[in-house]
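Note sheet for the following structure.
Reckoned from all heavy atoms, side chains included, excluding hydrogens, waters and symmetry mates. We name chains A, B, ... by the order of the sequence lines, and we start the count at 1 in each one.
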Protein chains: 2
Amino acid sequence: MDEFELYLRAHTHLDNGDMDQIRSLAIPKTLRRNEFLLHEGEICRYKIFISKGLLRTFGTAADGSEHILQFAPEHSWTLDVESYDRQQPARYNIAAIENSEVLLWPKADFDKLLATIPSLQSFAQQLISRNIYNSGRRILTALSATPEEKYQEFIHSSPDLLARLPLHMIAAYLGISIKTLTRIRQAQLRR
Amino acid sequence: MDEFELYLRAHTHLDNGDMDQIRSLAIPKTLRRNEFLLHEGEICRYKIFISKGLLRTFGTAADGSEHILQFAPEHSWTLDVESYDRQQPARYNIAAIENSEVLLWPKADFDKLLATIPSLQSFAQQLISRNIYNSGRRILTALSATPEEKYQEFIHSSPDLLARLPLHMIAAYLGISIKTLTRIRQAQLRR
DNA sequence: GGTGGAAAAGGACATTTGACCATAATTTGC
DNA sequence: GCAAATTATGGTCAAATGTCCTTTTCCACC
């Protein structure tokens, strides 16, 4: 039994038949560090499950700087929702931070699965809900927190990621400069 | 035919029977300027449709400052999703900016409606999707845009709201100080 | 295991932003 | 229509943050 099945069993009550069906439509893919799975402007054709590794979703600003919307470690899902839903050009890029293994479901196939497996649908709903809750919090801290508070919140909520990410990506995720991040960390050492 | 029915007709293909059923479970309520519909810590019991007026959803920071997550003008919906879904204490407050008229659906009732009216369900899905798309953009600009860019984006995307909102609320929405906002506006006048 | 490249840290400086204050203008509710 | 309260502007200052730069450290890959 592989990563994906273990994940499904842990988070759903899907029966074996359903699992097989879901699995049968997945396209496995290996990604090397820094390899892109989606470039902005392309259409996001797949729902993506990360079996191993770590991905990031990010947008590029006018000046070329990158801002990270989401980190997707193993056992999580990712995609450009807007592009995927409407099959229109993506706003964001998705790329691997570590060498990764992912499973891809073409939208048409996944839609079929959703239609035929009710408990998959409700599971998908849960994921969407969680996404919304997190977005709310993310917006609020982006608006109200100081760089230091943002960093604290990050290491508190994702200590695991902290160890795996280069600092400049954390900065790009928090919306602060690498310089500020370095300063914060220095200040903490001195305590 | 009232505001709500006009709205439903414009945005869905629900038939008259469905409309009546949906309407029959709504609780109408009048809100005075500054009146709260939900205090953080309370449970969000209703799905809220705004017939007239303007509401805001906001969180309060440790120092007592308020940060606005969303403005909900007439013909839109609002709620604290996380609190509503799980019937747990809310993180956010919802209050009226203008004297308003709203319709409230208790969760149990609305769930019943969703179960019996499939096209209401798909309509609700659409609203959720839009919410997600908007959140993504909001996060990205919160991370990457300068105060001036944020303001420009706001007046471009919501010129209608600009006229109805006190500036300090726009500042609270953009995550900048009222001082900065004033400065930006002065700079624009001088051009 | 060595080397080239990326990542982190550090220094110097300019700029932006916010806090705090006072003041002017506007709005609201009676 | 008036008084009180809210809202907007403005000034001054200190602090925080970003940019540009160099230097050092670390890491990946051959």
Side-chain angles (χ1 to χ4, degrees), chain A residues 30-35 53-54 56 58 61-68 71 95-100 141-152 154-155 161-191, chain B residues 30-35 53-54 56 58 61-68 71 95-100 141-152 154-155 161-191:
Chain A
T30 303
L31 291 171
R32 303 184 54 93
R33 189 175 229 287
N34 293 329
E35 190 174 342
L54 179 57
R56 70 196 227 263
F58 63 101
D63 64 349
S65 63
E66 298 180 351
H67 294 271
I68 297 176
F71 295 115
I97 294 176
E98 305 170 353
N99 294 336
S100 304
T141 61
L143 294 185
S144 65
T146 64
E148 171 146 17
E149 288 164 345
K150 290 183 193 176
Y151 179 63
Q152 290 300 347
F154 181 78
I155 61 182
L161 288 181
L162 180 63
R164 295 165 70 179
L165 290 170
L167 290 180
H168 68 271
M169 287 198 184
I170 297 181
Y173 178 82
L174 299 178
I176 64 182
S177 74
I178 175 89
K179 177 83 201 191
T180 303
L181 183 52
T182 305
R183 279 199 266 243
I184 292 170
R185 307 184 86 227
Q186 291 313 311
Q188 310 223 328
L189 286 182
R190 257 174 255 121
R191 286 176 204 159
Chain B
T30 302
L31 292 171
R32 303 185 55 91
R33 188 177 230 285
N34 292 329
E35 190 175 340
L54 179 58
R56 71 194 226 266
F58 63 100
D63 64 350
S65 64
E66 298 180 351
H67 294 270
I68 297 176
F71 294 115
I97 295 176
E98 305 171 353
N99 295 335
S100 304
T141 61
L143 294 185
S144 65
T146 64
E148 171 147 18
E149 288 165 343
K150 290 182 193 177
Y151 180 63
Q152 289 302 347
F154 181 77
I155 60 183
L161 288 180
L162 179 62
R164 296 164 70 180
L165 290 171
L167 289 182
H168 68 271
M169 287 199 185
I170 297 181
Y173 178 82
L174 299 178
I176 63 182
S177 74
I178 176 85
K179 177 82 201 191
T180 303
L181 183 52
T182 305
R183 279 199 267 243
I184 291 170
R185 306 184 87 228
Q186 291 314 309
Q188 310 222 328
L189 286 183
R190 259 173 254 121
R191 287 177 204 159

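- End-to-end axis angle of the helix from C/dG1-D/dC30 to C/dC30-D/dG1, using five pairs per end and rounding to 10°, comes to 70°.
- The backbone N or O of B/Arg33 lies less than 3.5 Å from a partner atom in the side chain of B/Asn99, making a donor-acceptor pair.
- Nearest heavy-atom pair across A/Ala171 and A/Leu181 is N-CD2, 3.9 Å.
- Listed here is the closest heavy atom pair of A/Ala61 and A/His67: CB-CD2, 4.3 Å.
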- Task: Encode nucleotides 5-19 of chain D as B, S and - characters from 5' to 3', where the letter depends on protein heavy atoms closer than 4.0 Å: B to the base, S only to sugar-phosphate, - to neither.
- Result: --SSSBBB----BBB

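- You'll find the side chain of A/Leu54 reaches within 4.5 Å of the side chain of A/Leu165, heavy atoms only.
- B/Thr182 places a side-chain N or O within donor-acceptor distance of the main-chain N or O of B/Ile178, the cut-off being under 3.5 Å.
- With hydrogens and angles ignored, the 3.5 Å screen pairs no side-chain donor or acceptor of A/Gln186 with any backbone N or O of A/Arg183.
- Side-chain contact of A/Tyr151 with A/Arg185: a donor-acceptor pair under 3.5 Å is present, judged by distance alone.
- A salt bridge links A/Arg164 with A/Glu98: the distance from a Lys NZ or Arg NE/NH1/NH2 to an Asp or Glu carboxylate oxygen falls below 4.0 Å.
- Between the NZ atom of B/Lys150 and the CD1 atom of B/Ile155 there is a distance of 15.0 Å, given to the nearest 0.5 Å.
- Protein chain A contacts DNA chain C over a range whose 5' and 3' limits, counting nucleotides with an atom under 4.0 angstrom from a non-hydrogen atom, are C/dA7 to C/dA12.
- The two residues A/Leu143 and B/Ile68 have their closest heavy-atom pair at CD1-O, 3.6 Å.
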